[in-house]
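Report on one structure; see the data block that follows.
In what follows, every chain begins at residue 1, and chains take the letters A, B, ... in the order their sequences are listed.
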Protein chains: 2
Amino acid sequence: MSEKTQKSTRARWKRATSYDVAELAGVSQSAVSRVFQDGASASKQMRKRVMAAAGKLGYRPNAIARGLITQRSNMVAVIMSQQTNLYYPEVLVQLTQHFSNHRIRVLLFTLKSEGDIDSTLEQVLQFRVDGIVTAAMLSRAQLATVQDANIPIVFYNRSLPDIPSNSVRCDQEEGERWLVAELFDSGHRTFAIVSGPEDSSVSTERTTGALQKLREKGVDGVTIVTGDYGYDSGRSAFAGIVDRRGGPPDAVIAANDVMAIGCIDEARESYGLDVPGDVSIVGFDGTGPARYAAYDLSTVRQPVKRMTEAAVSMLIDRIGNPELSAEKRVFSGERIRGSSAEFAADLD
Amino acid sequence: MSEKTQKSTRARWKRATSYDVAELAGVSQSAVSRVFQDGASASKQMRKRVMAAAGKLGYRPNAIARGLITQRSNMVAVIMSQQTNLYYPEVLVQLTQHFSNHRIRVLLFTLKSEGDIDSTLEQVLQFRVDGIVTAAMLSRAQLATVQDANIPIVFYNRSLPDIPSNSVRCDQEEGERWLVAELFDSGHRTFAIVSGPEDSSVSTERTTGALQKLREKGVDGVTIVTGDYGYDSGRSAFAGIVDRRGGPPDAVIAANDVMAIGCIDEARESYGLDVPGDVSIVGFDGTGPARYAAYDLSTVRQPVKRMTEAAVSMLIDRIGNPELSAEKRVFSGERIRGSSAEFAADLD
DNA sequence: CGTGCAATTGCATTCGAATGCGATGCACCG
DNA sequence: CGGTGCATCGCATTCGAATGCAATTGCACG
């Protein structure tokens with residue numbers, strides 16, 4: 001009872017330290033420290049005494065001070081480019097989840113714009129994180145800065161060609177090639193592409209993959225318009241395509257699901273087209289809305305769970321052993337057949 | 001050139017400290033410290049010398065060490081309950097964005113289950129965050145723990161009645177009353193509710209609001225089924241409703257947009273019903289998919305931007321001045337009229 | 001040219017916990 | 001009963017930066 005009052009009054013004074021606990025328990029500070037560690041040696045009774053004192057004072061080890069002396073913050077930075085892409089939040093949650101299984105916390109950094117990276121990186125470095133997962137592209141110089149600081153880093157869904165660096169990604173090009181091949185084989189002959197923002201490397205890869213296969217199939221005259229990964233940009237992109245071509249193409253390849261959905265809505269509402277009867281529209285990512293019955297999107301799903309697991313374990317390995325050589329892991333997406341590929345399904 | 005090699009070899013040795021910089025620049029460590037602070041006094045030439053040395057060594061102030069001495073970590077914890085609700089990622093991104101404008105970083109904590117809170121809270125406290133924003137409910141005891149530790153905390157979209165605590169939330173009950181009133185006034189007479197998970201206080205409030213208004217209008221025999229905020233649960237919820245009632249009601253009130261969309265798809269696909277012709281379905285949140293033309297959902301949008309801004313400034317105020325008394329801010333949602341309220345639109 | 005005041009700078013200490021090393025205790029063995 | 005080895009514990013130091021206080025410098029003014 002008197003303890004309770006003591007607690008609340010003390011609160012505004014100062015938080016209990018290991019010295020306070022040591023004093024109350026009549027032991028040394030080192031003893032307290034050891035009791036609160038995993039592999040440290042401490043007798044049973046010592047534990048009991050210390051824990052009792054700690055409980056009475058509401059003591060908790062100070063992770064900041066611990067980090068200073070151990071040179072381990074137990075925090076990793078996750079850098080995300082601020083995008084309308086519905087796909088990333090899921091990635092973030094999964095990463096956090098997996099890291100927490102290893103008693104590591106996530107310090108979150110979002111970029112207002114890509115130009116923001118330098119100052120963001122500066123922050124990241126100041127916080128002495130144990131590692132970095134980035135879903136934003138870094139320049140060579142920026143990567144060098146990180147490596148000079150000796151901080152392990154894993155790229156998520158992007159990779160620097162010809163530079164030794166760790167990355168986990170989904171094979172965007174392959175996925176697009178699948179989609180295009182199936183569309184072509186089921187009779188589609190005229191195509192349009194809705195790409196993502198110029199500075200999105202993911203979008204670039206997807207467009208490249210699609211164009212590759214189209215060229216291989218001998219298709220040309222492909223209309224390309226740019227969107228921002230958002231729903232509205234999908235709608236106006238479709239309008240732009242029809243406008244530019246003087247009519248709808250056989251198929252539209254959108255750089256992500258959300259824009260694909262935008263295209264579908266625009267096609268149906270503003271042009272009275274039947275999707276997938278008159279025009280087929282495919283997306284990418286396999287996010288929630290792709291499954292909604294009204295769209296039943298044909299798309300490629302990124303194996304987010306496995307990818308995030310891979311990123312986490314890769315980073316943790318390198319935190320434990322910085323000498324590990326670089327590694328790139330590439331995952332195939334999972335082909336999800338929606339309505340637009342109904343013909344194609346026969347071919348399996 | 002030789003500097004470069006020096007850099008990379010030194011990397012594995014040790015990171016530069018303010019002492020290293022001081023030595024190289026021929027000044028005291030305090031001087032270095034002052035140069036890297038905002039309001040500190042340092043002459044122009046001093047800055048120049050120090051910055052030059054710092055640049056040469058790739059020095060960056062150590063935020064961990066700084067936090068230890070200043071008693072400010074410049075980090076806040078954001079606690080999110082791990083839910084299928086599509087709405088939260090947006091909240092998270094916005095919070096991070098706003099905090100970063102104040103040079104504060106977000107340490108992210110997600111809960112596997114609600115029971116997880118105690119251990120999570122322990123972690124939060126150990127990291128000596130400057131404040132907490134929680135989108136998960138805490139028990140009285142848990143809140144007391146946080147307050148004893150003298151850490152300001154703001155509840156997001158939940159509040160403890162009769163307990164002085166800071167919160168920012170959207171008036172869920174009011175929003176539901178609006179929706180129900182409009183449905184009733186436009187002729188709907190039989191109702192069903194799809195609630196969220198039992199332990200979601202947001203869901204509880206929404207259900208309460210809806211039932212309030214329904215009772216007020218003299219409607220009873222309301223079917224209530226439980227979902228998990230996910231699309232599939234929306235679909236099966238609708239099936240459950242039809243099953244239980246032996247037919248569809250005039251209107252379904254879903255606890256969030258995603259489940260509303262699930263209901264719509266199930267109604268159309270599995271029961272061949274016309275939405276909103278045969279049955280009206282409303283949601284809550286105003287997330288992206290609500291706008292998709294295929295659904296054109298009638299819903300209430302939470303003013304996320306203003307709410308997150310409010311939460312951030314509220315928290316920062318209390319970090320600066322812990323004596324500030326508790327405050328609860330309640331925002332009205334924004335009524336979004338979709339197809340299900342077509343009649344109702346006349347009444348305005 | 002002397003005096004006074006303000007702006008700089010350095011010294012020494014502090015934040016809170018971890019850890020190498022030496023000291024102590026205890027059990028067990030010959 | 002003396003000796004050996006291991007488990008425990010405390011002492012003292014360390015991590016890297018901030019800051020109160022004192023010392024120094026610079027500058028303006030009379």
(request) Pick base, sugar-phosphate or nothing for A/R60, based on heavy-atom distances below 4.0 Å to the nucleic acid. (result) sugar-phosphate
(request) Return yes if some donor-acceptor pair links the side-chain N/O of A/R158 with the main-chain N/O of A/V202 below 3.5 Å, else return no. (result) no
(message) Here's a test of your reading of the structure: between B/N62 and A/V27, which maps to the more 5' nucleotide of DNA chain D?
(response) A/V27
(message) Given 3.5 Å as the limit, does a donor-acceptor pair link the side chain of B/R128 with the main chain of B/L125, or not?
(response) yes
(message) Rounding to 10°, can you tell me the angle the first-five-pair axis of the helix from C/dC1-D/dG30 to C/dG30-D/dC1 makes with its last-five-pair axis?
(response) 40°
(message) Counting only heavy atoms from other residues, nucleotides and ligands, does the tally under 6.0 Å from CD of B/E23 exceed 12?
(response) no
(message) If the condition is salt bridge (Lys or Arg N to Asp or Glu O under 4.0 Å), which residues does A/R34 pass it with, not counting sequence neighbours?
(response) none
(message) Reading DNA chain D in the 5' to 3' direction, which nucleotide is the first one with an atom under 4.0 Å from a heavy atom of chain A, and which is the last?
(response) D/dT8 to D/dG16
(request) Using salt bridge (Lys or Arg N to Asp or Glu O under 4.0 Å) as the criterion, list what pairs up with A/R60, not counting sequence neighbours. (result) B/E122
(request) Answer yes or no: is there a donor N or O on one side and an acceptor on the other, between the side chain of B/S33 and the main chain of B/Q29, under 3.5 Å? (result) no
(request) Tell me what A/F36 touches on the nucleic acid: a base, only sugar-phosphate, or nothing, going by heavy atoms under 4.0 Å. (result) nothing
(request) Taking A/D130 for its side chain and A/N74 for its backbone only, find out whether a donor-acceptor pair lies under 3.5 Å. (result) yes
Any N/O pairs under 3.5 Å between the protein and nucleotides 19-27 of chain C? List them or say none.
{"residue": "C/dT19", "atom": "OP2", "partner": "A/Q37", "partner atom": "OE1", "Å": "3.0"}
{"residue": "C/dT19", "atom": "O4", "partner": "A/S30", "partner atom": "OG", "Å": "3.4"}

(request) To the nearest 0.5 Å, tell me how far B/I79 CD1 sits from B/L138 CG. (result) 6.0 Å
(request) For the pair A/R15 (side chain) and B/A149 (backbone), establish whether a donor and an acceptor sit closer than 3.5 Å, ignoring hydrogens and angles. (result) yes
(request) Can you sort out the partners of A/E327 under side-chain contact (heavy atoms from CB on, under 4.5 Å), two or more places apart, ordered by chain and number? (result) A/N166, A/M314, A/R318, A/R329
